[in-house]
> 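First, the structure itself, so that you have it in front of you.
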Amino acid sequence: MYWSKYFIPTLKDVPIGAEAISHQLSLRAGLVHMLTSGVYSYLPLGLKVLKKIEDIIRDEMQEAGATELFLPVLHPIELWKKTGRDQVLDEVMIKFKDNRGREMCLGPTHEEIITDLVGSFVKSYRQLPVCLYQIQTKFRDELRTRFGIVRACEFIMKDAYSFDRDVEGLKKNYDRMYQAYKNVFKRCGLDVAIIAADSGAMGGDVSHEFLVPAAIGEDTIYHCPSCQYYEGAGETQVEGRDCPSCKKGKLEKQVAIELGHIFQLGTKYSAAQEAFFIDEDGQQKPMIMGCYGIGVSRVIAAIIETNNDKKGIIWPECVSPFDIEIIPIAGGDKSAEINELADRFYQELTAKGFDVLVDDRDETAGFKFNDADLIGIPKRLIVGKKNLANGEVEIKCRRTSEIKLVKIEQAMEALVS
Ligand SMILES: Nc1ncnc2c1ncn2[C@@H]1O[C@H](COP(=O)(O)OP(=O)(O)O)[C@@H](O)[C@H]1O
Ligand SMILES: [Mg+2]
Ligand SMILES: [Zn+2]
């Protein structure tokens, strides 16, 4: 991809009102743009990161035995009345009457919709278990939108739902999802704390939250600096208490962002919506459900929040929008030669399957370097006049700032290793 033909509207200055580092950098690096408070456009670079995270999630969902589908955003309120959640979620639900006079809402989550769907098809224990997921836009009329895409009114969630005939089945699905979540966050370059949590508006007994310690966190957790043990904020004061795991450290307070939440729902929805099946013993029973959510767009913010320096974002390789950025630097009479070499590297790297961005804009070296630091592609190849005279190019690592001068013939190997 050539920068001049792409769309990366970088900003030099910190936008007014953006406090969080991730919010500032996601705007400045041209990943997202605010339409109005809590509502964001994903620009090409941001969309690329989103898709990379989605790919990781799809891969792990498949591993966990879940199948993808796509549910509607537009819901009849009737369905929400069956569980009473039109009241529970009243504050965040975006409701309206359509032109036919039907009462509708934009989905803040999808338990009622999936329960209705699965309940209408699954009638026998032989059809269970069922585990389905989608990656889709959710709408929540958040009164306090915060930190850009961290708390938005329109955001992307991966939500999965499991249906089982018994609690053992639910526990199996829950454990597979738990493991899938661990894998997803690890592959996104995130170190998560996993905390047994309050099920809140979802109902049910067991739930776990996946959180990333970060300055902008809205949740408080406690952690042991000697063994990385984590604990949620219970009713009793735990700060300063001896670590129950290693018995050496003392628990410290820490703020964290919630990225994922999994629940053992039981029969709360299936009973209310009459999602029944006939079991082997001939008895009619409500299906036993679990639900599993990841805030996909929020993951982008968490990655930036934990991977940056004064100059900009430092993408972990697995979620970076590009693998390599090539920067040709205008060199007077040598410019044609420089551009040709940059193009050649672009072709060769692309042919090898790398996703490459060439900053072919007519700008100074300093300007291009600043933008490269800002958008944070892990590896950079700089083609300039002085080094070219020695038959060399420069390779720079964004994370370590390490610079290597290599012979042109050895550059490919140095880049891909
Ligand atoms: N307003 C929001 N903006 C962005 N992501 C959100 C928002 N609300 C929830 N999420 C993400 O969706 C995941 C699952 O949602 P849920 O547990 O229902 O949210 P909450 O705990 O805020 O009620 C959360 O862990 C979070 O990552
Ligand atoms: Mg939650
Ligand atoms: Zn400890």
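Keep in mind that what you see is a predicted model, and the values were worked out from it rather than measured. Counting starts at 1 for both ligands and their atoms, following the listed order.
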> Give the atoms of ligand 1, by number and element, whose distance to some non-hydrogen atom of L259 is under 4.0 Å.
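Every atom of ligand 1 under 4.0 Å from some heavy atom of L259: 25 (O), 27 (O).
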> For the atom pair CG (D59) and CD (E63), what is the distance rounded to the nearest 0.5 Å?
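Between D59 CG and E63 CD, I get 7.0 Å after rounding to 0.5 Å.
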> Take atom CG of D281 as the centre, draw a 6.0 Å sphere, and report whether it contains more than 12 heavy atoms from other residues, nucleotides or ligands.
yes
> Against heavy atoms of H261, which atoms of ligand 1 measure under 4.0 Å?
17 (O)
> Could you give the distance from CD1 (I338) to CG (D343), rounded to the nearest 0.5 Å?
12.0 Å
> Testing K396, R380, K310 one by one against D373 for a side chain to side chain donor-acceptor pair (under 3.5 Å), which residue passes?
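It is R380, the one option of K396, R380, K310 that forms the side chain to side chain donor-acceptor pair (under 3.5 Å) with D373.
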> Residue-level breakdown please: for M157 versus ligand 1, do any non-hydrogen atoms fall below 4.0 Å on the side chain, on the backbone, on both, or on neither?
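Just the side chain.
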> Of the choices K138, K158, R140, which has the non-hydrogen atom that lies closest to atom 16 (P) of ligand 1?
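Looking at heavy atoms only, R140 sits closest to atom 16 (P) of ligand 1.
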> Within less than 4.0 angstrom of ligand 1, does V150 place any heavy atom?
yes
> Show the nearest heavy-atom pair for residues Y229 and C243, with the distance to one decimal.
CB-SG, 3.9 Å
> What angle, to the nearest 10°, do the atoms SG (C227) and SG (C224) form about the Zn ion (ligand 3)?
110°
> Please name the pair of heavy atoms, one in H23 and one in S26, separated by the smallest distance, quoted to 0.1 Å.
O-OG, 3.1 Å
> Run through the protein N/O/S atoms less than 2.8 Å from the Mg ion (ligand 2) and write them out by chain and number.
E258 OE2, H261 ND1
> Number the atoms of ligand 1 from 1 as they appear, then name those within less than 4.0 Å of a heavy atom of I149, with their elements.
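Atoms satisfying the 4.0 Å criterion: 4 (C).
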> Could you tell me whether A152 and ligand 1 have an N or O pair separated by under 3.5 Å?
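It does: an N or O of A152 is found under 3.5 Å from an N or O of ligand 1.
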> Where the Zn ion (ligand 3) is the corner point, what angle links SG of C246 with SG of C243, to 10°?
110°
> What heavy-atom pair brings P72 and Q136 nearest, and what distance separates the two atoms?
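Between these two residues, the closest heavy atoms are C-NE2, 3.9 Å.
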> Applying the ring pair (Phe, Tyr, Trp, His ring centres under 6.0 Å) criterion to Y178, which one of F263, F185, F210 satisfies it?
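Passing option: F210.
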> Heavy-atom contacts with G260 under 4.0 Å: which atoms of ligand 1 show up? List them by number with element.
25 (O)
> Within a strict 4.5 Å, meaning less than it, do heavy atoms of the V73 and L106 side chains meet?
yes
> G295 heavy atoms, cut-off 4.0 Å: which ligand 1 atoms fall inside?
11 (C), 12 (O), 13 (C), 27 (O)
> Of all the heavy-atom pairs spanning R298 and V150, show the shortest one and how long it is.
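Shortest heavy-atom separation between R298 and V150 comes out as NE-O, 2.7 Å.
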> Heavy-atom contacts under 4.0 Å between T109 and ligand 1: side chain, backbone, both, or neither?
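The answer is neither; T109 stays 4.0 Å or more away.
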> Looking at Q179, I want to see if its CD is surrounded by more than 12 non-hydrogen atoms of other residues, nucleotides or ligands under 6.0 Å.
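Enclosed.
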> Under the ring pair (Phe, Tyr, Trp, His ring centres under 6.0 Å) rule, what pairs show up with a residue in residues 110-163, not counting sequence neighbours?
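Residue pairs passing ring pair (Phe, Tyr, Trp, His ring centres under 6.0 Å), neighbours aside: H75-H110.
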